[in-house]
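Below is one structure, written out as structure tokens; the observations come after it.
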Protein chains: 2
Amino acid sequence: MKKVALKTIAKELGVSIATVSRALSGKPGVSDRLREQIVNTAKRLGYQPNIAATALRIGKSTTIGVLIPELSGSFFAEIVSSMEKVLSDAGYRVILCSTEDNPSKEAEHLQTLINLNVEGILSAPVGMKSNKQLYRRIIEDLKLPVVFFDRIVEGIEADNVVTDSKEGMRLLMDYLISKGHHKIGIIHPLKETSTGAERLKTFLEYKDKIKIRREWIKDGGSFEVGGYESFIEIMKLKEKPTALIIGNNLMTLGALKAIKRLKIKIPDDISIVSFDDASWNEIFDPPITCVSQDPYQIGLISASILLDKLKAKRKTTREKMRVVLKVKFIERRSVKKI
Amino acid sequence: MKKVALKTIAKELGVSIATVSRALSGKPGVSDRLREQIVNTAKRLGYQPNIAATALRIGKSTTIGVLIPELSGSFFAEIVSSMEKVLSDAGYRVILCSTEDNPSKEAEHLQTLINLNVEGILSAPVGMKSNKQLYRRIIEDLKLPVVFFDRIVEGIEADNVVTDSKEGMRLLMDYLISKGHHKIGIIHPLKETSTGAERLKTFLEYKDKIKIRREWIKDGGSFEVGGYESFIEIMKLKEKPTALIIGNNLMTLGALKAIKRLKIKIPDDISIVSFDDASWNEIFDPPITCVSQDPYQIGLISASILLDKLKAKRKTTREKMRVVLKVKFIERRSVKKI
DNA sequence: CTGAAAGCGCTAACAG
DNA sequence: CTGTTAGCGCTTTCAG
């Protein structure tokens, strides 16, 4: 079975390649009868357009690059899942790149995406500062639409969709304080990320209202293992906080495993709350109080914004969109009143 | 900033495009001095090869298509995660397609992948029968390497990496029986999938050893909602089984949520075991006994096999590899001895 | 060792 | 309404 190109079906019908191209791509300038004939034989022969050729010719690839730190936790998996739905329904293909929060991997992947002529990029950037130049080049020189989600890069003008970390942290802190806690610790996400920095910063803003100690503040590095280890370290301390904020869902999972392992009683031994919800929060005994973001929404909105940019490309650079999603506070039973 | 192609750097140095191409792609036939010069100016100008052009010329795209039913559960997310690592390290790009267990979506995505000239496909096919023709065409006519993982298509000769569902089910059943259960129910995965069919079939093989009733067998459709609803239906029955097997991790999550909601006591009210492990199994109280597959391994192995095929392409079609991964039985505390 | 030239499959002027 | 032609950027003979 040899490949069937435009030429094949042009020969078959004794017409020119151009006509076939026009007919098949729905462009005007072909008589209805001929068009129908062409469409039919195309179908009969099982014609499949060669995307690489079109991409080369047009300079477009109908492909979108999606950059994420990791996929194994549910958070980014859900985001990617909704992005993929939106984009593939719109006729775009999704190239998935995971950075593992490693700036040089991020750079590499961005390069590849550029070479591939992707039409747009959805990125949860590794750091607030890392690869700033590269992103700037992509946006300003290459004029590729980029939408940041979950995290942002400092000083880069781009659309972004993030969750209100400040509000989320405040809800958590105020709740803990209202329950009588004034010795509070935190396991925050990697502080090089905008989310990590923001959550930590908001936490520190409470330093006059509550008692904070150095040892109660841990950078959990965003992943499960960091949550696990940081939690254990904190529980080893002589003077422990009475409540602990865990700064994302993967680290919360790690902490929950540590809790099981150490047979710690929540909330009697220590109260905990989580930034992010996840299945395990609900399932755990006691269920974990948290603020939740909606990853499905994040993916949906980011992808939609990108699609919109793509359509509106000819227009002068519009205002950048900055969507800040509200968190939802979910009270469960992991905090003790003291 | 205009684009820099081979032509740009050829002009810059007053040499021919062909030479530049040879120099940059490490082909012989360029003097060392010239080559070095070319490489340098290429770097200086920030040359980036246009992948579409190469793809068109060579008929290869260094791109792999990955087809999965869904991404929001941890199982496939982990698989994809490890595939992405392996493939991107080997210089391939990953196109992600989610089928939502819908055969026509699967077909659509496969078509797209073909048009894109992907060099290989990693697929967890929707059904044992659906799209059989298409897969056959891809493998036999297009000669594209395809590796099925987790699930297979009946009667298609292709490499595959699956978990031993039969052994897994037996471990679960024998364990339950050894604990004195002889009234056992099952919520199995979508029976159109090979995993669903195999697990159900193995379950039914026990029909002489234990008591099985129609109403104790539910097709949970593989997703969380199905696990949730099926579990509730079973608990409404007048005559209930004493133990229940839940056939994958997402459905187990659904069931666990139902259990919480209905305030059912495990294992006093009913014993449960799960095919697949997941974070929530470990975290739940009591922790759930299960057989576990290693999604990370599945991804790793499948991707490696594909890579191997890609390298060995010229050779005559070798034996198809059929990897069957063993499950691991993990006893926890969700089964009561009766 | 280097260059000229052809062509991958497709689109888009430009002619007729 | 249809055909001819010229490339998109790259690789690869074939000459020199």
Side-chain angles (χ1 to χ4, degrees), chain A residues 1-39 41-42 45-63 91 111-112 114-119 142, chain B residues 1-39 41-42 45-63 91 111-112 114-119 142:
Chain A
M1 187 159 109
K2 57 172 184 287
K3 75 193 78 172
V4 14
L6 288 186
K7 201 200 316 198
T8 324
I9 107 157
K11 251 182 212 149
E12 183 89 6
L13 263 59
V15 295
S16 79
I17 294 178
T19 306
V20 177
S21 169
R22 276 191 286 254
L24 256 25
S25 55
K27 293 246 161 56
V30 189
S31 70
D32 288 353
R33 253 193 65 255
L34 217 198
R35 182 186 301 268
E36 198 184 343
Q37 246 181 95
I38 290 175
V39 170
T41 52
L45 265 38
Y47 168 71
Q48 294 297 336
N50 178 320
I51 294 182
T54 310
L56 175 58
R57 179 65 234 240
I58 303 297
K60 280 173 200 282
S61 57
T62 48
T63 299
Q111 283 298 358
T112 309
I114 297 174
N115 302 353
L116 248 192
N117 271 315
V118 294
E119 295 191 35
L142 272 45
Chain B
M1 188 158 106
K2 56 175 183 289
K3 74 194 74 170
V4 16
L6 288 187
K7 201 201 316 199
T8 324
I9 108 159
K11 252 184 211 147
E12 183 88 6
L13 264 57
V15 295
S16 79
I17 294 179
T19 306
V20 178
S21 170
R22 276 190 285 254
L24 257 24
S25 55
K27 294 247 159 56
V30 190
S31 69
D32 288 354
R33 255 194 64 256
L34 219 200
R35 183 187 299 270
E36 196 186 345
Q37 242 180 97
I38 290 175
V39 170
T41 53
L45 264 38
Y47 168 73
Q48 294 297 333
N50 180 322
I51 295 182
T54 311
L56 175 58
R57 180 65 233 249
I58 305 295
K60 280 175 199 279
S61 58
T62 48
T63 300
Q111 283 298 358
T112 308
I114 298 173
N115 301 353
L116 248 193
N117 272 313
V118 293
E119 294 190 37
L142 272 43

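The figures that follow rest on heavy atoms only: side chains count, while hydrogens, waters and symmetry mates do not. Below, read A as the first sequence line, B as the second, and so on, with proteins coming before strands; counting in each chain starts at 1.
- Among C:dC8, C:dA12, C:dA5, the nucleotide with an atom closest to any side-chain atom of A:Lys7 is C:dC8.
- Proximity of a side-chain donor or acceptor of A:Glu119 to a complementary backbone N or O of A:Thr62 within less than 3.5 Å is detected.
- Both B:Thr19 and A:Lys27 sit near DNA chain C, but only B:Thr19 has its closest nucleotide nearer the 5' end.
- Residue A:Leu56 places its side chain closer to D:dC8 than to any other of D:dG3, D:dC8, D:dC10.
- Residue A:Ser21 has no polar side-chain atom (N or O) positioned under 4.0 Å from OP1 or OP2 of C:dG9.
- In this structure a side-chain-to-backbone donor-acceptor pair under 3.5 Å is missing from B:Thr19 to B:Val15.
- When distances run from any side-chain atom of B:Ser16 to the nucleotides C:dG9, C:dA4, D:dT2, the shortest one goes to C:dA4.
- A:Leu34 comes within contact range of the sugar-phosphate backbone alone, with a heavy-atom separation under 4.0 Å but no base atom that close.
- Of the candidates D:dC10, D:dC14, D:dT4, the closest approach to any side-chain atom of B:Pro49 belongs to D:dC10.
- In this structure, the CZ atom of A:Arg22 is 20 Å from the P atom of C:dG9, given to the nearest Å.
- Taking every side-chain heavy atom of B:Ala18 into account, C:dA5 is the closest of C:dT2, D:dC10, C:dA5.
- Distance from the side chain of A:Ala5 is smallest for C:dC10 among the nucleotides C:dC8, D:dT4, C:dC10.
- Atom OG1 of A:Thr63 is separated from atom CG of B:Leu116 by 6.0 Å, given to the nearest 0.5 angstrom.
- A:Thr54 contributes no side-chain N or O that, together with a main-chain N or O of A:Ala52, makes up a donor-acceptor pair within less than 3.5 Å.
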